[in-house]
Amino acid sequence: MANIKSDGTILETLTSLSKQRGFVFQSSEIYGGLGSTWDYGPLGVELKRNIKNRWWQEMVTARENVVGMDAAILMHPRTWEASGHVENFHDPLVDNKESKKRYRLDHLLEDQTDEVVQNLLTSLYVETIPDFANDEEKYQTIVAKLSENESTSSEAMKQAGVIDPHTKKVGDWTDLRQFNLMFKTHMGPVADSGSVVYLRPETAQGIFVNFLNVQSTSRQKLPFGIAQLGKAFRNEITTGNFIFRTREFEQMEMEFFCYPEDARKWLEYWSQERLNWFKSLGINEDKLRLRPHGSDELAHYSSACYDVEYKFDFGWSELEGIADRGTFDLDKHQQFSGKRLTYFDTTINKHILPAVVETSAGVDRAFLTVLADAFYEDEVEGEKRTVLRLSPKLAPITVAVFPLFNKLGQPEMAKKIVEDLRGEFSSFFDSGGSIGRRYRRQDEAGTPFGITVDHQTSEDNTVTLRDRDTTKQERISVDQVKQSVRDRIK
RNA sequence: GCGGAUGUAGUUCAAUGGUAGAACGAAAGCUUCCCAAGCUUUAGACAAGGGUUCGAUCCCCUUUACCCGCUCCA
């Protein structure tokens, strides 16, 4: 049985299927496209919304100790100084065109001889070279000076004889480039430096800065969580794999505030919860796993971390990170804002700075996972068939209704049924082409159920209900249609 | 950002230095039609910009996008 999944072209197939069926389009396509940005079409937006709704339902609605919020994308610039993003998202990078190696300039300088460093300083200062407190300051100054004159930095480094540690020779350096992973924009119409703001690189900080607002108004006690869904932006150097890594993406994040001594326990709990959520979407369990991070891959704010990963044909890839962030974030925001962000525990009469366990998932990644996992090609009576075996809970269209013939009152009966279904399910009426063609169209859209009105309908008020995965049909009474669909979605 | 490959209807592919064809798909219609059947009709493309040329979809340059590697993450 032919299966595209085995020959490693699933993403290309999904990209064209997505466009054909109206799941995902390339952004600004008529202008030649905009790099790594994608638009969700009529079917895509339904699937995406169903994923988000199920997350919200599971994380917020169904839990008494998790509440939601929705912060603005634009936040005070100090937020990102406190979070460490201004510092950590500012890498000065150079490439050696010869060896194809890329270096952070400050790290590269550490590997140079004194003579090379001195050469650089001489070329950068027309007058006297100032004294530096230490090497670190010296290197940072060189980086700053070079980045002021980016267009001549390549020449300056070559003339000073900056060595590529990989080749032990003077590198064919590109100009220095500051890779600022945060999108910068301006608040207000005048683009002066005093009004620089960032598009948030994560939704989490909107939760941290609102910690006390939310806690006090919702009257939550430790431990409790705050959840948020929203767009985030990162100027990634490398994007790709369709919608897997993009510069604009949507996050589903929850920050769980707890007593620091319990953080480890909650990390384990939430990791399991999140893995189970992905399983509940009908995703193949053999392709899902929970992977603990090694100590070398932990972020600066985190002491322990799990990834929920899915096995794409391009390898195991992260869908969600569950991290013990300790008291890092609230601590930093206290420092930078000068405001106290502690929780007052009335039982022990003490102020406590809570620790945080974060669950951070990518909506678009969940979307791609669901799509990739649901994609099958099988055969029905010798004919190849493309089918998305989406969970009925997620499918953009839940039920499609067809008249077998375009006469004998069948279209009218079918329309009546579909109108009745619309109030409860995402429904679709189709009378175009042969009945077989209509079934296949819905198979590609992932519609789990098809209702067909035929000659018998006018005699005994029954219709057929077709199952997408088995293509088997059973005959049910028109009055039972709603309940039958309901039963099958559970 | 660097290297490699690619860009022709919605999709998958042809052809050509003299202005583009098909298959499938889409729309309308016919056919008592249960798994992409048949017939009729219709709409629909050379990624963008420059250059060479009498003439460029084709040759050259630039840009842009997508894919595969190098790095990071949701």
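Each chain gets a letter, A, B and so on, in the order the sequences are listed, and its residues count up from 1. The analysis underlying the following values was restricted to heavy atoms, covering all of them including side chains, and did not include hydrogens, waters or symmetry mates.
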Any N/O donor-acceptor pair, A:Arg385 side-chain to B:A36 base, under 3.5 Å = no
task = Find the partner of B:A26: check Watson-Crick (N1-N3 plus N6-O4 or O6-N4) and G-U wobble (N1-O2, O6-N3) distances, both under 3.5 Å, and reply none if neither fits.
result = B:U42
Under 4.0 angstrom between A:Asn235 side-chain N/O and B:G1 OP1 or OP2 = no
query = So do the side chains of A:Phe242 and A:Trp38 get within less than 4.5 Å of each other, counting heavy atoms only?
reply = yes
ask   = How far, in whole Å, is B:U41 from B:G55 if one measures between their P atoms?
value = 40 Å
inquiry  = Is the ring pair A:Phe314/A:Phe244 parallel, tilted or perpendicular, if the boundaries are 30 and 60 degrees?
reply    = perpendicular
Qualifying residue, where the test is side chain to side chain contact (heavy atoms under 4.5 Å, CB included) with A:Ser427 and the options are A:Val399, A:Ile417, A:Thr398 = A:Val399
query = Hey, does the side-chain of A:Arg245 have a donor or acceptor N/O within less than 3.5 Å of a partner on the base of B:C72?
reply = yes
ask   = C1' atom, B:A47 versus B:G7: distance in rounded Å?
value = 7 Å
B:G17 and B:U11, which share atom name P, separated by this distance in whole Å = 26 Å
Check: B:C34 base within 3.5 Å donor-acceptor of A:Gln473 side chain = yes
query = Base, sugar-phosphate, or nothing for A:Leu404, non-hydrogen atoms under 4.0 angstrom?
reply = base
request  = Take atom P in B:C24 and the same atom in B:U19, then report the distance between them in whole Å.
outcome  = 27 Å
query = Atom OH of A:Tyr439 to atom C1' of B:C33: distance rounded to whole Å?
reply = 10 Å
query = Is A:Arg488 paired with A:Glu474 through a side-chain N to carboxylate O contact shorter than 4.0 Å?
reply = yes
key: Rounded distance in Å - CG (A:Asp307) to P (B:C72)   = 14 Å
query = What is the distance, rounded to the nearest whole Å, between atom CZ of A:Phe244 and atom P of B:G69?
reply = 13 Å
ask   = In whole angstrom, what separates A:Leu14's CG from B:C66's P?
value = 16 Å
inquiry  = Counting the atoms with a prime plus P, OP1 and OP2 as sugar-phosphate, which does A:Ser434 contact under 4.0 Å by heavy atoms, base, sugar-phosphate, or nothing?
reply    = base
inquiry  = Any strand counts, and the cut-off is 3.5 Å on both contacts for Watson-Crick or G-U wobble. Which nucleotide pairs with B:A36?
reply    = none
request  = Measure from the side-chain heavy atoms of A:Thr386 and tell me the nearest of B:A74, B:C68, B:A36.
outcome  = B:A36
B:U57 and B:G21, which share atom name C1', separated by this distance in whole Å = 14 Å
note = Side-chain atoms of A:Arg438 come closest, of B:A74, B:C33, B:C66, to B:C33
inquiry  = Cation-pi check for A:Phe375 against A:Arg389: NZ or CZ below 6.0 Å from the six-membered ring centre and within 45 degrees of the axis, yes or no?
reply    = no
query = Of the nucleotides B:A74, B:C33, B:U32, which one has an atom closest to the side chain of A:His455?
reply = B:U32
query = Is it true that the NZ or CZ of A:Arg289 lies under 6.0 Å from the centre of A:Trp316's six-membered ring and within 45 degrees of the ring axis?
reply = yes
query = Which value, in whole Å, describes the distance between the P atoms of nucleotides B:A22 and B:A43?
reply = 13 Å
task = Using atom CD of A:Glu474 as one end and atom P of B:C35 as the other, report the distance to the nearest whole Å.
result = 18 Å
B:G3 to B:U71 separation - C1' atoms, rounded to the nearest Å = 14 Å
message = Any strand counts, and the cut-off is 3.5 Å on both contacts for Watson-Crick or G-U wobble. Which nucleotide pairs with B:A9?
response = none
query = According to the 5.5 Å centroid and 30° plane-angle thresholds, does A:Phe249 stack upon the nucleobase of B:A74?
reply = yes
request  = In whole angstrom, give me the gap between the P atoms of B:A27 and B:G10.
outcome  = 15 Å
query = Phosphate oxygens OP1/OP2 of B:A26: is one of them under 4.0 Å from a side-chain N or O of A:Arg437?
reply = yes
request  = Using a 4.0 Å heavy-atom cut-off across all strands, classify A:Thr246 as base, sugar-phosphate, or nothing.
outcome  = base
ask   = Given B:A27, B:C35, B:C33, which nucleotide is nearest the side-chain atoms of A:Phe405?
value = B:C33
inquiry  = Can you measure A:Glu12 atom CD to B:U11 atom C1' for me and round it to whole angstrom units?
reply    = 13 Å
ask   = Contact class for A:Leu319 vs. all strands (heavy atom < 4.0 Å): base, sugar-phosphate, or nothing?
value = sugar-phosphate
Nucleotide of B:A74, B:C35, B:C68 approaching A:Leu11 most closely (side-chain heavy atoms) = B:C68
key: A:Lys407 NZ - B:G29 C1' separation (whole Å)   = 12 Å
query = Can you find a side chain N or O atom of A:Thr452 that sits less than 4.0 Å from OP1 or OP2 on B:C34?
reply = no
task = Could you tell me whether B:U19 is syn or anti, where syn means a glycosidic angle within 90 degrees of zero?
result = syn
ask   = Mapping A:Gly321 and A:Gly32 onto RNA chain B by nearest heavy atom, which one lands closer to the 5' end?
value = A:Gly32
request  = Hey, can you tell me if A:His333 and A:Phe208 have their rings parallel, tilted or perpendicular (30° and 60° cut-offs)?
outcome  = tilted
inquiry  = Let's test this: given Watson-Crick or G-U wobble pairing with both distances under 3.5 Å, identify the partner of B:G55.
reply    = none
ask   = Does the side chain of A:Asn406 pick up a donor-acceptor pair with the side chain of A:Gln410 at under 3.5 Å?
value = no
message = Using OP1 and OP2 only, check whether a side-chain N or O of A:Arg247 sits under 4.0 Å from B:C73.
response = no
query = Within this structure, what is the CD-to-C1' distance between A:Glu444 and B:A26, rounded to whole angstrom?
reply = 13 Å
request  = Let me know, please, whether A:Lys19 or A:Asp364 comes out on the 5' side of the other along RNA chain B by nearest nucleotide.
outcome  = A:Lys19
inquiry  = For a quick check of understanding: with a heavy-atom distance under 4.0 Å over all strands, which category does A:Asp454 fall into, base, sugar-phosphate or nothing?
reply    = base
query = What nucleotide among B:U11, B:C33, B:C67 has an atom nearest to a side-chain atom of A:Phe242?
reply = B:C67
ask   = Judged by modelled atom types alone, do A:Glu253 and A:Thr203 share a side-chain donor-acceptor pair under 3.5 Å?
value = yes
request  = Report which part of the nucleic acid A:Thr15 touches: base, sugar-phosphate, or nothing (heavy-atom distance under 4.0 Å, all strands).
outcome  = nothing
